[in-house]
Protein chains: 2
Amino acid sequence: MQSERLPTLEDVARVAGVSRSTVSRVINGIRNVDPQLHELVWSAVDQTGYVPNLLARSLVTRRTGTIALVVSDSETHDDDPFMSRFFSDPYFGRVVGGLMSVLRPLGVQLALRMVGPDGHKPLVGDLRNGQADGAVILSLPANDPLPGMLADARVPAVLIGRPASPIPISYVDLANETGAALAADRLVERGCRQLAMISGPAEVPASVDRDSGFRRALARHGHAWVPQRIGNFTQDSGEQAMRALLAAQPQLDGVFAANDLMALGALLALRDAGRRVPEDVAVIGFDDSSAAVAARPALTTVRHPLEDMAAEAARLLLARVDNPTAPVASIIYEPTLVVRQTA
Amino acid sequence: MQSERLPTLEDVARVAGVSRSTVSRVINGIRNVDPQLHELVWSAVDQTGYVPNLLARSLVTRRTGTIALVVSDSETHDDDPFMSRFFSDPYFGRVVGGLMSVLRPLGVQLALRMVGPDGHKPLVGDLRNGQADGAVILSLPANDPLPGMLADARVPAVLIGRPASPIPISYVDLANETGAALAADRLVERGCRQLAMISGPAEVPASVDRDSGFRRALARHGHAWVPQRIGNFTQDSGEQAMRALLAAQPQLDGVFAANDLMALGALLALRDAGRRVPEDVAVIGFDDSSAAVAARPALTTVRHPLEDMAAEAARLLLARVDNPTAPVASIIYEPTLVVRQTA
DNA sequence: CCAACACTGGAAAGCGCTCTCCAAGCGCAT
DNA sequence: ATGCGCTTGGAGAGCGCTTTCCAGTGTTGG
């Protein structure tokens with residue numbers, strides 16, 4: 001148990017018998033300070049149990065050692081509470097894990113910030129005020145003005161997922177079209193004739209890309225039209241979409257789902273309908289989340305290296321924090337097809 | 001695009017033609033300020049695009065509007081990077097979602113902080129220095145000194161999961177023993193004769209409680225000894241544990257797993273071994289995570305209201321932040337059995 | 001032997017904000 | 001008129017830290 005007031009630099013200085021500035025220098029390892037004093041100061045620090053007040057330090061250095069992870073919660077209108085769904089989705093966890101893998105060793109903190117449509121201005125203001133050194137922006141609806149605002153405000157920021165319109169801001173993204181095309185090629189190659197797809201919400205840019213990538217690749221193989229149902233990236237919605245698809249197209253023999261969770265749902269629906277996978281119907285998912293490996297039959301899917309992407313986003317961001325004039329950079333990851341049992 | 005320097009209170013005051021203090025009062029809604037001035041100040045705020053600097057404010061008010069979510073990463077030694085596993089686990093997401101549901105409407109931020117064994121002192125120091133108003137502590141290994149340190153330092157904190165030894169600190173927890181007993185009773189009631197369990201790591205207090213709860217309940221029903229295998233809460237480990245159990249006890253007809261992921265793994269192993277669930281072997285999991293509903297057959301499990309618990313933890317914490325003399329409170333949630341198809 | 005020069009340590013000025021304290025202004029009763 | 005209590009705005013002291021600037025000291029070359 002300690003006294004009410006915490007020791008400050010001043011206190012340490014008094015104990016060590018030097019000035020505040022000297023203590024500050026020693027603690028920050030700046031300039032050549034007499035080794036004797038150096039030692040003296042450190043022992044005074046130990047003795048007083050001094051811990052620097054990061055708030056005060058940040059106020060003057062304009063550096064906080066914190067990165068904001070900005071999550072859009074524009075979807076909250078749903079009756080199903082958005083938060084539980086979003087945070088429980090493997091997507092969120094993988095991103096956090098990827099970010100942490102680079103932030104943690106550097107001692108950088110992560111601050112979670114949810115922001116609705118009216119929270120944009122305060123957010124940018126706080127960021128400019130140095131609440132965080134930079135921001136990683138997640139899962140933004142298309143045409144959200146935030147990236148533009150961030151760029152204008154010259155706040156170091158990196159998007160995960162490309163911005164809807166070209167904006168001078170760094171981002172990491174996956175070549176979603178290519179990934180979907182991989183799935184299409186595989187399905188066609190297996191000899192599937194009647195294909196269908198389970199898409200994600202149209203507001204999500206990645207969904208749209210996966211859609212068009214799949215369609216375009218199939219068109220190249222001569223499939224003009226592909227029946228489609230839209231889900232919301234949950235397993236449940238995938239299951240329902242699959243049932244609807246099956247009802248409309250009983251002959252279908254190949255399905256591509258825009259994420260693994262929906263693919264898993266599709267697997268269930270197919271099972272219930274007595275279809276064998278992959279013999280009767282081949283299924284390909286997207287993401288290569290842990291659930292894909294765990295499923296039976298194990299899910300063939302498109303690998304989305306989200307952890308790597310998030311880690312890279314963190315690195316890009318930190319680079320820009322250290323050097324604000326660093327060029328804007330965008331990295332597009334190439335997906336790969338992970339063939340397991342369902343296709 | 002704005003000028004380099006951000007407007008400060010001073011600037012607003014100059015524009016409005018009043019003093020800094022007056023602007024501060026208006027912005028914080030304090031005291032009776034002449035309505036005319038009030039309006040004048042707000043228009044000056046608009047005009048300058050002023051945003052309060054939270055850092056500076058926190059420095060003097062000693063309030064940050066931020067709660068730290070402390071995650072122990074003592075398990076990192078694993079070759080399998082701890083982070084990806086932990087953050088991807090539904091556990092983490094459910095907690096974050098639960099916390100956010102309370103914090104978000106109040107405008108409180110969440111700061112993620114991972115802390116290893118040697119990070120304890122700095123963490124407590126930062127907390128005392130007002131880096132965050134309080135802390136929610138997650139998934140601590142048994143006998144971690146952190147709760148005690150926090151209590152001694154009088155830092156508002158709430159644990160999720162009870163402390164290993166009695167310490168004057170608030171916490172929310174689940175009656176794990178009761179939950180496990182519920183599972184045991186159900187299994188016995190179904191007529192299972194040869195029971196087994198898949199436990200979690202022994203360092204996790206909740207694991208231990210589920211173990212003893214299950215054992216004790218079975219003992220009441222006359223089962224003296226229960227074969228057991230230990231997993232690490234992943235689906236994979238559950239699958240392996242199940243195989244081992246099956247090899248050792250081919251006759252077994254009922255299994256309790258300490259979490260859903262491991263139960264799901266067990267389901268896979270049972271399937272591979274040609275056992276029907278629940279006809280040949282009944283399975284009960286723990287947590288009622290989303291995967292439990294989604295599994296086929298749908299998993300009978302013990303419901304762990306983690307979101308509610310996290311939300312309550314947030315409320316307890318905020319109460320203590322507002323009133324540091326508020327009594328320490330502990331809330332134990334009662335689990336319920338969710339009967340689905342596997343038992 | 002003295003000037004020029006590193007080098008070190010201290011004083012003090014802020015970073016942007018809140019909040020206590022005080023002076024000024026006003027209405028009212030004496 | 002004068003005194004009193006009340007409201008209201010401003011001046012200024014800090015929150016704990018970094019960092020610039022300067023004085024003092026020891027060191028070297030001319």
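Letters A, B, ... mirror the listed sequences (proteins, then strands); counts begin at 1. Because only heavy atoms are used, hydrogens play no part in the values below, and waters and symmetry mates are left out as well, while side chains stay in.
Remark: A:T8 is not in phosphate contact with D:dG16, judged by side-chain N or O atoms under 4.0 Å from OP1 or OP2. Of the side-chain N and O atoms in B:N28, one or more sit less than 4.0 angstrom from OP1 or OP2 of C:dT18. Taking 4.0 angstrom as the limit, B:T22 places none of its side-chain polar atoms (N or O) nearer than this to OP1 or OP2 of D:dG9. Taking only side-chain nitrogens and oxygens, A:R62 never comes nearer than 4.0 Å to OP1 or OP2 of D:dT18.
Side-chain N or O atoms of A:T64 include none that pairs as donor or acceptor with a backbone N or O of A:S58 at under 3.5 Å.
If you measure from atom CG of B:L59 to atom P of D:dC15, you get 9 Å, rounded to the nearest angstrom. Taking atom CD on A:Q131 and atom C1' on C:dC15, their separation rounds to 15 Å, with Å as the unit. Atoms CZ (B:R14) and P (D:dG10) sit 14 Å apart, rounded to a whole Å. Distance, A:L40 CG to C:dG10 C1': 15 Å, rounded to whole Å. Atom pair A:L9:CG and D:dT18:C1' shows a separation of 9 Å (rounding to whole Å applied). In this structure, A:Y50 places its OH atom 6 Å from P of D:dT18, rounding to the nearest Å. Distance, A:L6 CG to D:dC15 P: 13 Å, rounded to whole Å. In this structure, the NE2 atom of A:H38 is 12 Å from the P atom of C:dT8, given to the nearest Å.
Contact annotation for A:T61: backbone-only contact, meaning every heavy-atom pair under 4.0 Å involves sugar-phosphate atoms and none involves a base. Across all strands shown, B:N129 has no heavy atoms under 4.0 Å from either base or sugar-phosphate atoms. As judged by a 4.0 angstrom heavy-atom cut-off over every strand, A:R25 is placed among the base-contacting residues. Base contact: A:R20 has a heavy atom under 4.0 Å from a base atom. Contact annotation for B:L37: backbone-only contact, meaning every heavy-atom pair under 4.0 Å involves sugar-phosphate atoms and none involves a base.
Within the 4.5 Å cutoff, side-chain heavy atoms of A:R113 are placed close to those of A:L123.
Each of B:G17 and A:L55 was matched to the nucleotide of DNA chain D holding its nearest heavy atom; the match closer to the 5' end belongs to B:G17.
Below 30°, between 30° and 60°, or above 60°: for A:F92 and A:F86 the angle between ring planes is between 30° and 60°, a tilted geometry.
Residue B:S24 has its side chain nearest to C:dT18 when only D:dG16, C:dT18, C:dC17 are considered. Out of C:dA12, C:dG16, D:dA11, the shortest distance to the side chain of A:S21 is found at C:dA12.
With respect to A:R315 and A:D308, no salt bridge is recorded, no charged nitrogen being found less than 4.0 Å from a carboxylate O.
Other residues, nucleotides and ligands contribute more than 12 heavy atoms inside 6.0 Å of the CG atom of A:N28.
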